[in-house]
Amino acid sequence: MSTLFSPLPMGPLTLANRIVVPPMSQYSAADDGIATPWHAQHIGGLAISGAGMVICEANGVTPDGRITPHCLGLWNREQAQALQKLIADIRTYSNTPIGVQLNHAGRKAGTNAPWRNQGASLTDSEGGWPTVAPSALAYKPGWRVPQELDEAGMTRIIDGFVAAAERALNAGVDFIELHAANGYLLNQFLSPLSNQREDAYGGSPENRMRFPLRVARALRNVWPASRALGVRFNGGEFAEGGLALEESVQFARELHAIGYDYLHVSGGYNIYDQTPPADQPGYMVPFAEAVKQALPEAVVITVGLIYEAPQAEAILAGKRADLVAIGRGMLDDPNWPIHAAIALGETAPWPKPYDRFGPLGWPTHRAQEVKS
């Protein structure tokens, strides 16, 4: 059996294979952060793709923590009820583990969708809102300058994460993922480029980790051990003077010690003019590999332009990570896991209603069956 299609224990879950659908924001919620039919078809389709687990897009834990006005939220009952219905409907045809990512966007909140004005910061007249961050530094020139968070503001946000986790639990998700990557609030605290505080939350790596770890502990305290808990964080920033890989490994050690069931290692997107080599397949894999080497007992997810089955198999077989997240590949081909199984000589995980039209239904595959 290939490594890609071998099962994997992950905390209280056992995944059928090593393929992860990462969170991918759709910017298609109603104005009040409620899931729409778009999310039902999007997540529902991914749930029958054959992937081992599906992570729903970032859900804002407070109204001001949304990336855009059309991002999902989990700060009120109506949003939780919509999520509960979405999960319940999917459970009638799929048992794929489904989780949600919890996020506060910090200084990158209150923006347009990427296809509107290149995702620029919203003005007040466009419906924008005041933003917060570890330091009063705008993400880009011309963007809104955030207010520096004080203790009261940090407590408010921690409370938002905890309340959102409780709503997610009641909605029936299998796991939650804390978002501490890709330039959002917790990543902003971790990075010396976006965190220039001179108090107990800035300066040394230990100080910069202080607030993200407060959030992480609060979630661990409220989230039951019977359901999986994960975190996504940056391994690096592709920017001079930014978050160092050894600091990310140190952060990973802390999260693992707290009791997080998986570590999802991403990178970049905190510094607007950074130049990540996003055209190079597997360009973030070295980040995950460093974490895996430091914590061989941890479950580590890697990501970053992984789009071919042999490439994914080689990453796993080389023990560079335990799971591979397929993002763009899944949007391009929602049956990516099925086609990967065929490419690796495994049994394709077709949903039963489609199975009779599966690989043996195609003349080319029938011909291969006859030859074998």
Donor-acceptor check, side chain of [X] to backbone of [Y], threshold 3.5 angstrom: yes or no?
| X | Y | result |
| --- | --- | --- |
| N95 | P97 | no |
| Q280 | P277 | no |
| R167 | W75 | yes |
| S28 | Q26 | yes |
| N234 | G268 | yes |
| W223 | R227 | yes |
| D150 | G153 | yes |
| D333 | L331 | no |
| T62 | G160 | no |
| R107 | Q147 | no |

Which atoms form the tightest heavy-atom contact between [X] and [Y], and what is the distance?
| X | Y | value |
| --- | --- | --- |
| G183 | N270 | CA-OD1, 3.4 Å |
| W336 | G329 | CD1-O, 4.0 Å |
| I67 | C71 | CB-SG, 3.7 Å |
| M284 | G267 | CE-O, 3.1 Å |
| A180 | N187 | O-CB, 3.5 Å |
| G52 | N17 | N-OD1, 2.9 Å |

Is it true that [Y] and [X] share a donor-acceptor pair across their side chains at a distance under 3.5 Å?
| X | Y | result |
| --- | --- | --- |
| E148 | S135 | no |
| T302 | R320 | no |
| E177 | H264 | yes |
| R210 | N207 | yes |
| Y184 | R232 | no |

Atom [atom1] of [X] and atom [atom2] of [Y]: how far apart are they, to the nearest 0.5 Å?
| X | Y | atom1 | atom2 | answer |
| --- | --- | --- | --- | --- |
| R253 | Q250 | CZ | CD | 9.0 Å |
| T111 | Y27 | OG1 | OH | 7.0 Å |
| N76 | Q81 | CG | CD | 9.0 Å |
| T96 | L15 | OG1 | CG | 10.0 Å |
| Q311 | L4 | CD | CG | 11.0 Å |
| F287 | L243 | CZ | CG | 9.0 Å |

Starting from [Y], can I reach [X] by hopping between I/L/V/M/F/W/Y residues whose side chains sit under 4.5 Å apart?
| X | Y | result |
| --- | --- | --- |
| M209 | Y260 | yes |
| V249 | F189 | yes |
| F251 | L178 | yes |
| V21 | I19 | yes |
| L46 | M53 | no |

Geometric class of the F238/Y283 ring pair [parallel <30°, tilted 30-60°, perpendicular >60°]: tilted
How about [X] and [Y]: do any of their side-chain heavy atoms sit closer than 4.5 Å?
| X | Y | answer |
| --- | --- | --- |
| L72 | Q79 | no |
| I176 | Q101 | no |
| P334 | S49 | no |
| S6 | E346 | no |
| I326 | I306 | yes |
| N103 | V61 | no |

Side chain to side chain contact (heavy atoms under 4.5 Å, CB included) assessment of L102 paired with H179: CA-CA 6 Å; L102 303 182; H179 200 354; over 6 Å; no
For [X], does the [atom1] atom sit with more than 12 other heavy atoms under 6.0 Å from it, leaving out its own atoms?
| X | atom1 | answer |
| --- | --- | --- |
| E206 | CD | yes |
| D273 | CG | yes |
| E151 | CD | yes |
| E240 | CD | no |

Working for side chain to side chain contact (heavy atoms under 4.5 Å, CB included), residues Y139 and R144: CA-CA 8 Å; Y139 174 60; R144 186 182 296 269; over 6 Å; no
Is any side-chain N of the basic residue among [X] and [Y] closer than 4.0 Å to the acidic one's carboxylate O?
| X | Y | value |
| --- | --- | --- |
| E289 | K319 | no |
| D322 | K292 | yes |
| K85 | D89 | yes |

R66 NZ/CZ over W129 ring centroid, <6.0 Å and within 45° of normal: yes
Criterion side chain to side chain contact (heavy atoms under 4.5 Å, CB included) on K140 and S121, from CA distance to verdict: CA-CA 9 Å; K140 285 183 180 181; S121 182; over 6 Å; no
Option among V299, L295, V300 that satisfies the side-chain contact (heavy atoms from CB on, under 4.5 Å) test with H256: L295
Derivation of the side chain to side chain contact (heavy atoms under 4.5 Å, CB included) call for I48 and Y354: CA-CA 10 Å; I48 62 170; Y354 291 175; 4.3 Å; yes
Intermediate values then yes/no, salt bridge (charged side-chain N to carboxylate O under 4.0 Å, His left out), D64 and R156: CA-CA 11 Å; D64 69 324; R156 174 182 66 86; 3.2 Å; yes
Side chain to side chain donor-acceptor pair (under 3.5 Å) between S191 and E237, intermediate numbers included: CA-CA 8 Å; S191 169; E237 294 190 305; 2.8 Å; yes
